[in-house]
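Data block below; observations after.
Keep in mind the model is a prediction, meaning the values are calculated, not measured. We use all heavy atoms of the structure for the numbers below, so side chains are in, but hydrogens, waters and symmetry mates are not. Numbers for residues simply follow the sequence, beginning at 1.
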Amino acid sequence: MTGKLDLLTPANSQIIFIDHQPQMAFGVQSIDRQVLKNNTVALAKAAKVFGIPTTITTVETESFSGKTYPELLDVFPDAPLLERTSMNSWDDQKVRDALARAAAEGRRKIVVSGLWTEVCNTSFALSAMADTDYEIYMVSDASGGTSKEAHDMAMTRMVQAGVIPVTWQQVMLEWQRDWARRDTYNDVMAIVREHSGAYGMGVDYAYTMVHGALHRSAHTGETLAPIPA
């Protein structure tokens, strides 16, 4: 239990994205699928900002599931895609080896984002915990199930087994921890402004209206004055 009281840091974490592929997303009913993609890409961008070792797995790409979200791959254009046949990523030696390499550096907290929660995520989490001392952090809002009940029951089952439930923004801000860490501050705020909904809109407003910062849009067209009615 002691290790689970330690906050996530850029030094103790690694991340795995499981099967963010179109056919898997088609079946998701627990969360709006565009929101799911937004959250997943935001989490990926955060992982890149903080230098978190990242594993991307795929299943039956050519015969069933389709290509990984291009928006996710664009964050990690050089990352290998670990293709497999099993629904459980832990069954594949390539995946276990990739996670073990990062774990050997002290990164035993594994952040997980994947599809579907009740199948691929659950089987991976339970198997990894059964075979190792890894701690699993399941990103609930960057994962999706075939129904809200399927997602919720899977999350409940995993939590009962010792998995730690988190959200994507929680993970990113836990990695940042202190706004005085200026080396990542601007990049984190860029992710917030693009992906964090009302929070991001509020940051944009504060930057431009309160602090006089330039608008982040590349728009160069003029603003036409109003014509009185």
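Side chain of S143 to backbone of L115: no donor-acceptor contact under 3.5 angstrom is found. A donor-acceptor pair is defined here as one N or O able to donate and one able to accept, closer than 3.5 Å; such a pair exists between the side chain of S30 and the backbone of G145. In this structure, the side chain of E118 does not engage the main chain of M153 through any donor-acceptor pair within 3.5 Å. No donor-acceptor pair under 3.5 Å is formed between the side chain of T57 and the backbone N or O of L82. Counting only distance, with no hydrogens or angles, the side chain of S65 and the backbone of V59 share a donor-acceptor pair below 3.5 Å. Judged by distance alone, with hydrogens and angles left aside, the side-chain atoms of H215 form a donor-acceptor pair with the main-chain N or O of S217 at under 3.5 Å. Formation of a donor-acceptor pair under 3.5 Å by the R177 side chain with backbone atoms of L7 is not found in this model. Although no hydrogens or angles enter the test, the distance criterion places no donor-acceptor pair under 3.5 Å between the side chain of W168 and the main chain of V139. Proximity of a side-chain donor or acceptor of S113 to a complementary backbone N or O of V111 within less than 3.5 Å is not detected.
A distance of 9.0 Å separates CD in E174 from OG1 in T9, rounded to the nearest 0.5 Å. To the nearest 0.5 Å, the span separating CD on Q34 from CG on N39 amounts to 10.0 Å. The line from CD of E83 to NZ of K94 is 7.5 Å long, rounded to the nearest 0.5 Å. How far CD1 of I191 is from CG of N186: 11.5 Å, rounded to the nearest 0.5 Å. Remark: T40 OG1 to R33 CZ distance equals 13.5 Å, nearest 0.5 Å. K48 contributes atom NZ, which lies 13.5 Å from atom CD1 of I15 (distance to the nearest 0.5 angstrom).
Of all non-hydrogen atoms in S140 and H151, the two that sit nearest each other are OG-NE2, 2.9 Å. Nearest heavy-atom pair, S127 versus W90, reported as atom, atom and distance to 0.1 Å: CB-CD1, 3.5 Å. Here the closest heavy-atom approach between residue Y134 and residue A100 is recorded as OH-CA, 3.4 Å. Looking at every heavy atom in both residues, V188 comes nearest to V49 through CG2-CG1, 4.5 Å. Scanning all heavy atoms of the two residues, the minimum distance from A125 to I136 falls at CB-CG2, 4.0 Å. Here the closest non-hydrogen pair linking D152 and K148 is OD2-NZ, 2.6 Å.
Contact of the L81 side chain with the L73 side chain is registered, since non-hydrogen atoms from C-beta on lie closer than 4.5 Å. Using a 4.5 Å heavy-atom threshold, the side chains of T146 and Q29 count as separate. Residues E60 and T85 form a side-chain contact, since some pair of their non-hydrogen atoms from C-beta on lies under 4.5 Å apart. Contact check for W179 versus M189: side-chain heavy atoms found under the 4.5 Å cut-off. Side-chain atoms of P165 and M158, non-hydrogen and from C-beta on, never get closer than 4.5 Å to each other.
With hydrophobic clusters built from ILVMFWY side chains whose heavy atoms lie under 4.5 angstrom apart, F50 shares a cluster with L72. Follow the hydrophobic side-chain contacts under 4.5 Å out from L36 and you never reach F124; the two are in separate clusters. The cluster map of Ile, Leu, Val, Met, Phe, Trp and Tyr, joined by side-chain heavy atoms under 4.5 Å apart, puts V95 and Y137 in different clusters. Both L8 and F17 are part of a single hydrophobic cluster, where members link through side-chain heavy atoms under 4.5 Å apart. When the side chains of ILVMFWY residues are joined at heavy-atom separations under 4.5 Å, either directly or via intervening members, V35 and V192 end up in a single hydrophobic cluster.
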**Message:** Between R193 and Y207, is the side-chain contact (heavy atoms from CB on, under 4.5 Å) condition met? List the steps.
**Reply:** CA-CA 10 Å; R193 294 164 81 183; Y207 275 23; 3.3 Å; yes
**Request:** Take D19 and R84 through the salt bridge (charged side-chain N to carboxylate O under 4.0 Å, His left out) test and state the conclusion after the steps.
**Result:** CA-CA 10 Å; D19 306 348; R84 57 180 214 288; 2.7 Å; yes
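Salt-bridge check for E135 with R107: failed, with every basic side-chain N at 4.0 Å or more from each acidic carboxylate O.
Donor-acceptor pairing under 3.5 Å is recorded for the side chains of Q21 and T61. Residues Q176 and T184 have side chains that bring a donor and an acceptor to within less than 3.5 angstrom of each other. Residues R157 and Q160 bring no donor and acceptor atom of their side chains to less than 3.5 Å of each other.
The local environment of CD in E149 is sparse, with at most 12 non-hydrogen atoms from other residues, nucleotides or ligands closer than 6.0 Å.
I16 pairs in a side-chain contact (heavy atoms from CB on, under 4.5 Å) with only one of the listed residues (N121, T55, T54), which is T55.
Under the ring pair (Phe, Tyr, Trp, His ring centres under 6.0 Å) criterion, the residue pairs touching residues 60-87 are H20-Y69, with sequence neighbours excluded.
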